Amino acid sequence: MRYSEMFLPTGREVPSDAELISHQLMIRAGLMRKLTSGVYSYLPLGYRVIRKFEQIVREEMNRAGAQEIFLPMVQPAELWQESGRWVRYGKELLRFRDRHDRECCLGPTHEEVITDLVRNEIKTYRQLPRNLYQIQTKFRDEIRPRFGVMRCREFGMKDAYSFDTDEAGAEVSYRKMFEAYQRIFTRCGLNFRPVEADSGSIGGRYSHEFMVMANSGEDAICHCSACNYAANLEKAEIARPAESETAGTTLDVEEVNTPGVRTIEEVCSFLQVAPDAVVKTLIFSVDDTPVAVLIRGDQEVNEIKVKNFLGCDSLELADDAMIRKVTGSPLGFAGAVGIQARVIADYSLLGMSDCVMGANREDYHLRHVKPGRDFPIADYADLRIIRESDPCPRCGGEVRFARGIEVGHVFKLGTKYSKAMKAVFLDQSGKEKIMVMGCYGIGIGRTVAATIEQNYDADGIVWPLPLAPYAVIITPVNVNEKMLADAAAELYHILTEKGVEVILDDRDERAGVKFKDADLIGIPYRVTVGPKRLAGGKMEIKTRRSGEVAILPVSEVTPFLIARIREGL
Ligand code: ATP
Ligand code: MG
């Protein structure tokens, strides 16, 4: 393409809401423009990158045996009512009525639609397994759209859905998608990690998120420094510590007056004890029933773990009334001794034998409390937030924290939707069975933005070749010099002919301006056609990423570029 004809508005200006470098560069390099909050238009250069990524996704999905379909974006409320999500999904689901007053929504995801399609068409085990995918626009009315297309409201997603006859089959489908995702993100040249993720309390289900490592990422990841264990911070497990033989305190429980002392810090400074000698008692309202969660004073409760452990629908900190009811005292003095609630304890309580805790009496705490002796604990479980340097649950090595951008998600759904929506089939013996499902998403725009987060420098974007909108830009330093313009145009024709994606910067601009634009839009190879070199029959090839410069005879330029591009460099 000739630059002079391109719709490619580059610039220095950055919108005030663009915090992330990828957002800034996507605007500056003319990849996209904002229409309204969380809604973006892709311009030609940006759309080429999107198409490149989609093509990689498509090839790998097809290779993994998935088949491409295209589902509607407008979806009837009835399907969502069947699955139960019409009510549960919340405000991210954009609902509206059509002219006949029928309730509809814009698809934020397509489990309902695909399950409906499959239940109508697939009747026997002979038609299973199937994996169907689409690359399509989703709408989620995100509460706080931000970071450009990283978290927007209208965005492209590849979503795939697998249907199997049983768990074992579903596991195979899941593995195939997991491997396809690894190939996809590897082909894009990304530094990424699959991490174990929380998948709610649907027992036995699990999921992995594919994270592109970036300090700007919204997600916290915990990974082992010794093995390849990695998990979303919320999910990261903590193994039950070996119980040490501690005789414990022989002193009797003692009530001490602690006027106005409520927080762990206040307790520690008032009683001159360390936080790890204090037990924190949190009262939760669990499906409207009180549950006391005990944890060592220097640790924090992970509510997701509590929720999963209890298998409840709702979990929130108890209000004053509930606290008073179960402890007989106001907030800040709760303890396990004599409490009127089920008590569960984090593993951090194991080995605590002489502790301080609330006395269930205003302005009082207890000391010399011995769990087991002074109060019973119904269950010990992993209920806390992991911390850096905690032992890895797999190998015992130390865990480290990092940040990432979730670009993909593979999820075992089990029979959640197929059961609710009656997606059944007849097995070999003619018995009706429920299909076992999986779902697999990749954010298209988010992956492109994440790619920029990992590939930029002070001058602009540095595209990995597989996603670059063009592989080569030819820059004659002065288009008014016929010799330069002709040589550049000739190279442009040869490369185009060979199928290389190339821009000819034929603008009547200063060389410096052209170089800046070429760097900003991140084209992997720039061929400079200048008077001195051309007089000697040569051209200069600069590699965007390394800055390496090769000066080659004109006849060698094309083979050099083609060889590099073929190698995917
Ligand atoms: P998040 O936790 O970031 O909101 P999610 O769990 O809601 O993500 P999924 O429902 O698993 O995401 O969607 C699949 C993929 O779609 C995600 O991995 C992500 O790449 C992409 N995605 C989700 N929400 C957005 C959004 N608001 N803007 C851009 N991409 C998104
Ligand atoms: Mg979300």
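Numbering of ligands and ligand atoms starts at 1, following listing order. Being a predicted model, the structure only gives us computed values, none of them experimental.
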N/O to N/O under 3.5 Å, ligand 1 against protein:
unit_1, atom_1, unit_2, atom_2, d
ligand 1, 3 (O), Arg151, NH2, 2.6
ligand 1, 3 (O), Arg446, NH1, 3.0
ligand 1, 3 (O), Arg446, NH2, 3.1
ligand 1, 4 (O), Arg151, NH1, 2.9
ligand 1, 4 (O), Arg151, NH2, 3.3
ligand 1, 7 (O), Arg140, NH1, 2.9
ligand 1, 10 (O), Arg140, NH1, 3.0
ligand 1, 10 (O), Arg140, NH2, 2.9
ligand 1, 11 (O), His409, ND1, 2.9
ligand 1, 18 (O), Glu406, OE2, 2.6
ligand 1, 20 (O), Glu406, O, 3.3
ligand 1, 20 (O), Val407, O, 3.0
ligand 1, 20 (O), Gly443, N, 3.1
ligand 1, 27 (N), Glu142, OE2, 2.8
ligand 1, 27 (N), Cys152, O, 2.9
ligand 1, 28 (N), Met150, O, 3.4
ligand 1, 28 (N), Cys152, N, 3.1

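Below 30°, between 30° and 60°, or above 60°: for His208 and Tyr174 the angle between ring planes is between 30° and 60°, a tilted geometry.
Contacts classified as ring pair (Phe, Tyr, Trp, His ring centres under 6.0 Å) and involving residues 69-125 (residues at least two apart or in different chains) are given here: Trp80-Tyr89. Pairs engaging residues 11-28 under the salt bridge (charged side-chain N to carboxylate O under 4.0 Å, His left out) rule: Asp17-Lys34 [sequence neighbours left out].
Considering only residues two or more places apart in sequence or on other chains, Arg99 meets the side chain to side chain contact (heavy atoms under 4.5 Å, CB included) condition with none of them.
Tested against Glu59 for a salt bridge (Lys or Arg N to Asp or Glu O under 4.0 Å), the candidates Arg187, Lys52, Arg183, Lys158 yield a single pass: Arg187.
In summary, the aromatic rings of Phe178 and Phe210 are positioned with their centroids under 6.0 Å apart.
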